[in-house]
Amino acid sequence: MDIVTLLPFIVLIGAMFLMTRSAKKKQQAAANMRNQMQPGTGVRTIGGLYATVKEVNDDTVVLEAAPGVHLVFAKNAIGAVLDDAEYNRIVHGDDDDALKSDTPVVPDDASSLTEDAKDDKIDLGKKDAEAEGAGSAPEAKDAKDAKDDEKTDGDTDAK
């Protein structure tokens with residue numbers, strides 16, 4: 001067998017090895033994160049539930065979602081272990097003042113764009129067109145009204 005024939009198989013096996021290696025690293029990091037849980041730690045489940053750890057067992061975790069509401073979850077269902085500052089910011093809304101002072105306030109609508117503008121109507125140039133055709137416009141309107149008056153029921157403007 002020639003090395004050129006075996007080269008695609010070698011590359012394929014190498015790619016599979018690298019992919020499984022990175023997946024194992026991610027699983028190991030997740031397991032380490034879950035092992036760091038201790039009572040009082042804030043967590044987010046894979047379903048998006050924010051809660052506080054009350055008890056850690058071998059395969060399960062008891063979470064307190066609200067005062068007096070205890071839930072039993074599998075350890076694998078914990079998506080992230082949060083530090084205290086992040087948990088309090090998300091759940092309790094703490095430290096909002098620090099965030100607001102650093103970032104500019106963006107309004108939800110376009111009302112801030114028109115604060116400096118006057119409440120005058122915008123002139124689109126229709127006044128100039130009316131001034132130029134002021135003599136012919138009433139005559140044309142009268143001729144059309146006269147033509148409409150001559151019609152009887154069932155007559156149309158179609159030619």
> Can you list every salt bridge (Lys or Arg N to Asp or Glu O under 4.0 Å) pair that touches residues 23-50, not counting sequence neighbours?
none
> Return the set of residues passing side-chain hydrogen bond (donor to acceptor under 3.5 Å, both in side chains) with Glu64 (not counting sequence neighbours), or none when no residue passes.
Lys54
> Flag the pair Tyr50 / Ile90 as yes when at least one side-chain heavy-atom distance between them is below 4.5 Å, and no otherwise.
yes
> Please tabulate, for side-chain N and O atoms in residues 65-85, each donor-acceptor pair with protein atoms closer than 3.5 Å (sequence neighbours left out).
unit_1: Lys75; atom_1: NZ; unit_2: Asn57; atom_2: O; d: 3.4
unit_1: Asp83; atom_1: OD1; unit_2: Glu86; atom_2: N; d: 3.3

> Could you go through the side-chain contact (heavy atoms from CB on, under 4.5 Å) check for Met37 and Val61 one step at a time?
CA-CA 9 Å; Met37 285 188 299; Val61 178; 3.6 Å; yes
> To the nearest 0.5 angstrom, please state how far the CG atom of Leu63 sits from the OG1 atom of Thr41.
10.5 Å
> Apart from Ile46 itself, what residues make up its hydrophobic cluster when side-chain heavy atoms of I, L, V, M, F, W and Y under 4.5 Å apart count as a link, directly or indirectly?
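Members alongside Ile46: none; it stands by itself.
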> Please answer: with hydrophobic residues joined when any side-chain heavy atoms are less than 4.5 Å apart, are Val53 and Val62 in the same cluster?
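No, it is not one cluster - the side chains of Val53 and Val62 are not joined through contacts under 4.5 Å.
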> In chain order, what residues pass the side-chain hydrogen bond (donor to acceptor under 3.5 Å, both in side chains) check against Thr45, with sequence neighbours excluded?
none
> Please give the remaining members of the hydrophobic cluster of Ile13, linking ILVMFWY side chains under 4.5 Å, ordered by chain and number.
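The other cluster members (ILVMFWY side chains, heavy atoms under 4.5 Å, direct or chained): none.
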